[in-house]
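Worksheet for the structure shown next.
Lettering follows sequence order; numbering is per chain, from 1.
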Number of protein chains: 2
Amino acid sequence: MAHGTTLHPTLSIGQVAERTGVATSALRYWEELGLITSDRTTGNQRRYDRATIRRVSFIRAAQRVGLSLDEIATALARLPQSRTPTAGDWARLSRSWRRRLDEQIHSIERLRDQLDSCIGCGCLSLRTCALSNPDDTLAARGPGPVLLEP
Amino acid sequence: MAHGTTLHPTLSIGQVAERTGVATSALRYWEELGLITSDRTTGNQRRYDRATIRRVSFIRAAQRVGLSLDEIATALARLPQSRTPTAGDWARLSRSWRRRLDEQIHSIERLRDQLDSCIGCGCLSLRTCALSNPDDTLAARGPGPVLLEP
DNA sequence: GTCAGGCTTCAGGTGGAGTTCAAGTTGTGA
DNA sequence: TCACAACTTGAACTCCACCTGAAGCCTGAC
């Protein structure tokens, strides 16, 4: 419609790899799993939308947070692959991820604070820190995850 | 020396599994890797120190934060396996983990904020959020990781 | 037109983190 | 004392997330 640069300036897989830092093999793999999509040239080469770069970066970020490709795929599948954005869907997805992210943050903070407190008391509690948590107190609480678990 | 309960009330692998939520197969695997240790009964069955429960929980927590068993093993190897605590060693280890944990937290917060901002602007930026980040702005910055990367 | 270099598919390999299996041994409550 | 659950080992197997290599096709600069 408008003049100037094309609306879908297609990128080769190599260009996407270079710009995102994700290997081409990984991009093909992700495409196979349905996390990203591509058009093909008449010669069967992949051409990606510029928006794919954001998507790819997003996937990487989500991965680093501990989400599996499956989970990410499920989440992304609800997003505007084709047409209607459905801001409601987006908000719902976003909320559920947010919960997960918050949990993750708390989990890490807990671990960090544990470390801090151990430095603080100088007792190297990993073995037996009677001050912060005597063994017997733990034992009395019966089976199940202990301490660092949520 | 003292009377009363033994100082090292040994737990079977099944008990440790039950109390930590970690499968026995995983516990054996971790032991093989040197992350935990055990005594043996005359009949060759493993017996764990109660402190192992804390150690196991710690390992799980560290794993959830994205550390590999190798990294965890390296870290734990510096801890009082046998004798002198060396509070200095502990502090050093702890500091390096702390840095890592802080980075992790920031990484997650970044992802979370991205989600929030996308809800905020209602533009579903994963495709093309012109408001928060027009494609051209990104394209002009040349190759390399974009946006969500640190 | 030609040719390097980027792209294609497909098969097979890798590494991390376990799980499962089989066959045999130990521990314990009745 | 005996049954039976829990334990032992080693090897093989699984799953995930890719990576590597081979053999051949596309594309763009000269």
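- A:T41 and A:R47 share no donor-acceptor pair across their side chains, judged by distance under 3.5 Å alone.
- In this structure, the side chains of B:W97 and B:E71 stay at 4.5 Å or more apart for every pair of heavy atoms.
- Panel note: side chain B:T20, backbone B:V16; a donor-acceptor pair is recorded below 3.5 Å.
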Sequence-aligned protein contact record of nucleotides 11-30 of chain D, with B where the base is within under 4.0 Å of a protein heavy atom and S where only the sugar-phosphate is: ------BBSB-----SS---
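- Of the possible polar contacts, one joining the B:R55 side chain to the B:L35 backbone as a donor-acceptor pair under 3.5 Å is found.
- Using a 4.5 Å heavy-atom cutoff, the side chains of B:T52 and B:L11 are not in contact.
- Remark: the B:S38 side chain and the B:E31 side chain contain an N/O donor-acceptor pair separated by less than 3.5 Å.
- The shortest distance between side-chain heavy atoms of A:T37 and A:Y48 does not fall below 4.5 Å.
- Nucleotides of DNA chain C that come within less than 4.0 Å of any heavy atom of chain A span, from the 5' end to the 3' end, C:dG6 to C:dT9.
- Put simply, B:S12 has a side-chain N or O that comes within less than 4.0 Å of OP1 or OP2 on D:dC7.
- With contacts defined as side-chain heavy-atom distances shorter than 4.5 Å, the pair A:I13/A:Q45 does not qualify.
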